[in-house]
2 protein chains.
Amino acid sequence: MTRVSIKNIADRLGVSSATVSLVLNGKGEKLRISKEVAEKVRKIADELNYRPNMAARSLRTGKTRTLGLIVADISNPFFAKLARYIENIAGEKGYQVMFGSSDESAEKFGRLLDLFIEKNVDGIIMAPPQNSEAVVKGLMTEKIPFVQIDRGIEGVPISSVQINNELASYALTGYLIEQGCRKIAFVAYNMGLPNISKRCTGYRKALRDYGIEVNDSLVRSASYERFEEGINDAIDELLDVGIDSIVFATNRVGIQSLIHLKERKKMTGLQFVSIDYTDEYALSDIPITCIEQPIGELGERALNILFRYIDDPSYNVIEQVILQAKICK
Amino acid sequence: MTRVSIKNIADRLGVSSATVSLVLNGKGEKLRISKEVAEKVRKIADELNYRPNMAARSLRTGKTRTLGLIVADISNPFFAKLARYIENIAGEKGYQVMFGSSDESAEKFGRLLDLFIEKNVDGIIMAPPQNSEAVVKGLMTEKIPFVQIDRGIEGVPISSVQINNELASYALTGYLIEQGCRKIAFVAYNMGLPNISKRCTGYRKALRDYGIEVNDSLVRSASYERFEEGINDAIDELLDVGIDSIVFATNRVGIQSLIHLKERKKMTGLQFVSIDYTDEYALSDIPITCIEQPIGELGERALNILFRYIDDPSYNVIEQVILQAKICK
DNA sequence: CTGAAAGCGCTTACAG
DNA sequence: CTGAAAGCGCTTACAG
């Protein structure tokens with residue numbers, strides 16, 4: 001049983017497929033198709049359970065009503081929540097979302113980009129990994145609109161939506177200092193990512209501004225690929241060096257660090273702050289001060305920009321949005 | 001600058017577009033296109049940065065190399081992880097994934113299904129919500145293959161992959177009883193979902209088998225729509241009734257319950273078990289015994305079945321897979 | 001070894 | 001008010 005097409009409906013009614021198409025696309029009124037014909041078309045389309053074939057429509061119109069979303073890892077709660085917001089907003093406009101996880105690999109990222117382009121997505125939201133400058137710049141020569149989220153390639157005019165990473169980290173570090181901490185560690189992953197590196201800058205700046213010397217051995221980073229071991233090693237080494245507090249660059253970093261500290265029974269006497277808030281922190285007995293990212297607003301802003309590009313191909317203003325993220329206790 | 005097509009390449013080389021298509025699809029050898037021509041085609045395709053237009057290919061072949069995934073909520077860690085496994089396995093076979101969240105609403109679920117069908121996805125993985133029997137049965141008349149995951153419409157022959165929900169719950173409840181608990185509560189959401197209802201059955205059965213009377217006032221359920229309030233109310237009421245332990249039907253239920261209990265400072269003296277393991281539990285100070293779902297295997301099994309349907313349209317065996325999930329401490 | 005042609009299902013200017 | 005026709009970019013049997 002093959003799917004019913006516009007032509008099937010047209011044949012059944014003895015009208016042309018153009019008529020059917022116009023009616024079904026709500027352009028019947030404007031192009032003065034008679035009410036009776038329109039009614040018959042709609043009725044039979046309904047009866048036959050007609051579903052438009054988007055491949056055909058896309059081929060004709062060049063539009064797919066599909067967006068591509070490339071994150072580092074869809075199973076990371078931050079990106080999962082972001083995906084959900086994006087799905088909702090896109091859905092309201094009649095768009096579906098295709099997703100892909102880059103695992104912070106520029107190669108994988110590039111492959112996903114190619115696939116999404118081949119599938120003619122109307123626009124792309126992406127968190128570009130390290131070393132993806134060339135790939136992203138290449139994308140600029142395609143006609144497909146895109147917006148960066150959570151991070152942005154440095155020094156390149158591409159729209160992006162992110163939080164004020166430096167200030168977030170600065171505020172958290174300052175908070176620790178005011179609590180009396182002096183041996184403050186900074187734990188992160190993939191330090192080359194622009195957002196992470198800014199978080200590190202904010203940490204360093206806060207120390208300097210408060211007259212505390214920056215000790216590079218207190219700045220640790222795991223790699224994405226060997227994440228758990230990397231974090232565990234970092235924590236072990238920091239404990240050896242001697243610290244009184246830690247700034248976690250992301251929730252994933254914080255959770256793994258706390259899990260390891262708990263296993264080693266070394267939670268006491270340390271203070272923690274973290275960028276990102278998660279339920280894990282709420283349930284943990286260690287008080288931890290967080291910067292909660294406005295994930296909904298990140299998604300909304302990014303999609304607003306993207307849809308503006310999509311809806312008006314002549315619109316070429318670059319918007320780099322930086323949201324302020326505040327400490328929540 | 002419009003995208004380069006097969007025809008552009010053909011014109012450039014003075015060959016037919018058929019030749020180009022064959023070469024680019026690796027069928028040049030078999031259909032004996034000369035090595036020289038093939039080489040030239042590949043070279044120029046590369047130079048011009050040719051990208052196939054999938055809309056055109058799909059229209060012709062009827063295939064999109066895209067799968068649809070419908071979960072309850074992509075931001076729920078269980079589904080987010082599932083999505084990641086599905087993405088990986090699909091990706092290896094050259095498929096992309098489009099996702100949608102039903103919010104446990106049959107209407108929304110039906111709409112997502114329609115959209116995915118119109119977009120010609122090659123197959124669908126789905127966690128059907130309550131009251132979606134009619135919609136799912138309707139899908140059976142379409143030619144598009146699909147597999148249920150995490151749950152399955154009861155009494156209908158459709159492939160599904162899920163854990164042994166009843167046994168999981170039975171084991172957890174039995175564990176509590178053996179620890180000496182007698183006033184054991186069961187907290188869930190949307191009790192009408194087949195997987196949740198089975199978890200409840202397992203709980204009841206364990207109590208009976210151990211000779212403990214089932215007290216219906218200890219069985220509580222929140223709705224998906226008013227989740228937090230529902231759980232909080234359930235916990236409050238249970239505390240009033242008096243309990244010594246709780247079986248959490250899912251991690252989301254468990255986390256919200258624990259957050260509320262913690263706020264009310266009522267953690268002590270209670271024992272907890274939960275279906276699903278999460279980092280939240282690991283970091284919480286309350287010992288909690290879990291059934292960890294084999295999410296990777298769920299995804300892998302579901303995709304294996306789905307791809308078998310996709311790759312061989314004549315294959316029509318229905319597979320209902322039930323994985324055993326064991327207690328992990 | 002390669003080309004000409006049909007056709008997938010739609011949309012849209014054009015003609016009447 | 002409606003139809004005939006072209007064309008989006010591909011693939012694939014067919015012919016030579």
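Below, chains carry the letters A, B, ... as their sequence lines are ordered, and counting in each starts from 1. Computed over heavy atoms, backbone and side chain alike; hydrogens, waters and symmetry mates excluded.
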| remark: Note: contacts of residues 54-61 of chain A with DNA chain D (heavy atom, under 4.0 Å) are A:L59, A:R60
| field | Phosphate-side-chain proximity, B:S16 and C:dA4, N/O vs OP1/OP2 below 4.0 Å | value | no
| message | Are more than 12 heavy atoms, taken from residues, nucleotides or ligands other than B:K108, located less than 6.0 Å from that residue's NZ atom? | response | yes
| said: Is there a side-chain contact between A:I305 and A:V321 in this structure, where contact means two heavy atoms from C-beta onward sitting under 4.5 Å apart? | reply: yes
| request: Would you kindly give the CG-to-C1' distance between B:N120 and D:dC10, to the nearest whole Å? | output: 15 Å
| Would you say C:dC8 has OP1 or OP2 under 4.0 Å from some side-chain N or O of A:N53? | no
| Over 12 non-hydrogen atoms of neighbours within 6.0 angstrom of OH in A:Y85 | no
| message | Nearest to the side chain of A:A18, heavy atoms from C-beta on, is which of C:dT12, C:dA5, C:dT2? | response | C:dT12
| query | With a cut-off of 6.0 Å (strictly less than), are more than 12 heavy atoms of other residues, nucleotides or ligands near CZ of A:R301? | reply | no
| message | Using whole Å, what does the distance between atom C1' of nucleotide D:dT11 and atom CD1 of B:I6 come to? | response | 8 Å
| task | May I ask you to evaluate whether B:S17 reaches the phosphate of D:dT11, defined as a side-chain N or O under 4.0 Å from OP1 or OP2? | result | no
| Side chain of A:N25: nearest nucleotide among C:dT11, C:dG9, D:dG3? | C:dT11
| said: Students often get this wrong, so: under 4.0 angstrom with heavy atoms, is A:S21 touching a base, only sugar-phosphate, or nothing? | reply: base
| How many Å lie between CZ on A:R3 and P on C:dG9, as a whole number? | 9 Å
| Interatomic distance where NZ belongs to A:K7 and P belongs to D:dG3 [whole Å] | 13 Å
| Can you give the dot-bracket line for DNA chain D, using ( ) for pairs inside the strand, [ ] for pairs that cross earlier ones, | for pairs with another strand and . for unpaired bases, where Watson-Crick and G-U count if both distances are under 3.5 Å? | |||.||||||||.|||
| Under 6.0 Å between the ring centres of A:F99 and A:F79? | no
| Whole Å only: how far is the CD atom of A:E39 from the C1' atom of D:dC1? | 17 Å
| Rounded to the Å, how far apart are B:K63 NZ and C:dC8 P? | 17 Å
| query | A:R51 versus B:D114: any side-chain heavy-atom pair under 4.5 Å? | reply | yes
| Taking atom C1' of D:dT12 as reference, at what distance in whole Å does atom CG of B:L24 sit? | 16 Å
| request: Flag the pair B:Y50 / B:I6 as yes when at least one side-chain heavy-atom distance between them is below 4.5 Å, and no otherwise. | output: yes
| note | ring pair (Phe, Tyr, Trp, His ring centres under 6.0 Å) filter on A:F109, not counting sequence neighbours, yields none
| Over how many whole Å does the gap from B:L22 atom CG to C:dA4 atom P extend? | 14 Å
| query | Looking at the side chain of A:S34, which of D:dT2, C:dT11, D:dC10 is the nearest nucleotide? | reply | D:dT2
| query | Do the two ring centres, one from B:Y309 and one from B:F146, sit under 6.0 Å apart? | reply | no
| said: I'd like to know if the side chain of B:K81 reaches the main chain of B:N76, judged simply by a donor and an acceptor atom lying under 3.5 Å from each other, with no hydrogens or angles considered. | reply: no
